[in-house]
J.: 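Structure in structure tokens, see below.
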Amino acid sequence: MEGRRWNPDLAATYDRVAQAYADQFFTELDRKPFDRELLDRFAAILKDRGRVCDVGCGPGHVGRYLAGRSVDVFGLDLSPGMVALARDLNPAMRFEQGDVLALDLPDGALAGIVAFYSLIHLERAAVTRALAEMARVLIPGGLLLLAFHGGEGEVHAEDWFGCGVSIDATLFQPAEMAASMVQAGFDVEEVVTREPYEFEYPSRRIYARGTKRP
């Protein structure tokens, strides 16, 4: 990674690719039974417990899925363009612009957080700080569900979606993310993996669920 900055303007990058990203990913859960099962269990636990935030929501498809299962969910994304698109695609939901490293929420404001493939765009050293910020805004016993790409090191893509922008992503091993969650104040309840579906980027998919310690 020497000689260039890590994701120097991530919000602007996602602004540029917002429509292309939504075209590819907005309906992806229709083809992901493994993910739907995890989200169904997450929804069953959090239904009627309070507000839930979809952090790094993109076009809002994960939050939309949870809302369809009676979860009081809203979306948050760093990219203003992505937030605007999510609002158009999901007019019954609420979306806000924000940064996972500095959430504009009071302590204990949320019952749950879901973050699918959003922490991957942080440098490795910043991930525990992001997890601690998410723990701050959760109630004691609040639930966190993460999805991320498994592996070693980082990956870089040029001309992402053919939109003239580049993107960096961090890969994590299951034990590494679990250790970061514990350090940030979570009890890790479950870490599961699956191989990629044939239509996905060819990385192992990892999901980690934890609860904020009292």
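Count residues from 1 along the sequence. All values reported here derive from a predicted model rather than from experimental measurement.
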J.: Quick check: closest heavy atoms across P140 and P214, and the distance to 0.1 Å?
T.: CB-CA, 3.9 Å
J.: How about I167 and V17: do any of their side-chain heavy atoms sit closer than 4.5 Å?
T.: no
J.: What's the separation between atom CG in L122 and atom CZ in F148, rounded to the nearest 0.5 Å?
T.: 13.0 Å
J.: Quick one: do Y207 and F34 satisfy ring pair (Phe, Tyr, Trp, His ring centres under 6.0 Å)? Show the steps, please.
T.: CA-CA 10 Å; Y207 306 81; F34 190 97; 5.4 Å; yes
J.: Could you check whether Y21 and Y14 have their ring centres less than 6.0 Å apart?
T.: yes
J.: So, applying side chain to side chain donor-acceptor pair (under 3.5 Å) with D168, which one of H121, R5, H156 is it?
T.: H156
J.: Are any side-chain N or O atoms of R213 and backbone N or O atoms of F186, one a donor and one an acceptor, separated by less than 3.5 Å?
T.: yes
J.: So, the side chain of R87 versus the backbone of F95: is there a donor-acceptor pair under 3.5 Å, distance only?
T.: yes
J.: For the backbone of L29 and the side chain of R36, can you confirm whether one donor and one acceptor N or O come within less than 3.5 Å of each other?
T.: yes
J.: Working to the nearest 0.5 Å, report the span between CE of M134 and CG of L105.
T.: 12.0 Å
J.: Not counting sequence neighbours, list each pair that qualifies as a salt bridge (charged side-chain N to carboxylate O under 4.0 Å, His left out) and has a residue in residues 104-129.
T.: D107-R136, R124-E154, R124-E176
J.: Do you know the tightest heavy-atom contact between E133 and V100?
T.: CG-O, 3.3 Å
J.: Ion pair present between E200 and R194, side-chain N to carboxylate O less than 4.0 angstrom?
T.: yes
J.: Tell me if a side-chain donor or acceptor on N90 pairs with a main-chain N or O of M93 at a distance below 3.5 Å.
T.: no
J.: So, taking the atom named OH in Y65 and the one named NZ in K32, what distance separates them when rounded to the nearest 0.5 Å?
T.: 13.0 Å
J.: Please check if the side chain of D159 supplies one atom and the backbone of G164 the other of a donor-acceptor pair under 3.5 Å.
T.: yes
J.: Without placing hydrogens or testing angles, list every side-chain donor-acceptor pair under 3.5 Å for residues 42-63, not counting sequence neighbours.
T.:
residue : atom : partner : partner atom : Å
R49     : NH2  : G141    : O            : 3.3
D54     : OD2  : G63     : N            : 3.1
H61     : NE2  : E28     : OE2          : 3.0

J.: Do you know the tightest heavy-atom contact between A130 and L119?
T.: CB-CD2, 3.9 Å
J.: Tell me if a side-chain donor or acceptor on R16 pairs with a main-chain N or O of C163 at a distance below 3.5 Å.
T.: yes
J.: Can you tell me how far CG of L146 sits from CZ of R209, rounded to the nearest 0.5 angstrom?
T.: 12.0 Å
J.: Supply the atom-to-atom distance L138 CG to L110 CG, rounded to the nearest 0.5 angstrom.
T.: 6.0 Å
J.: Report the distance from atom CE of M82 to atom CG of L89, rounding to the nearest 0.5 Å.
T.: 10.0 Å
J.: Looking only at the side chains, is there a donor atom on one of D15 and S79 sitting less than 3.5 Å from an acceptor on the other?
T.: yes
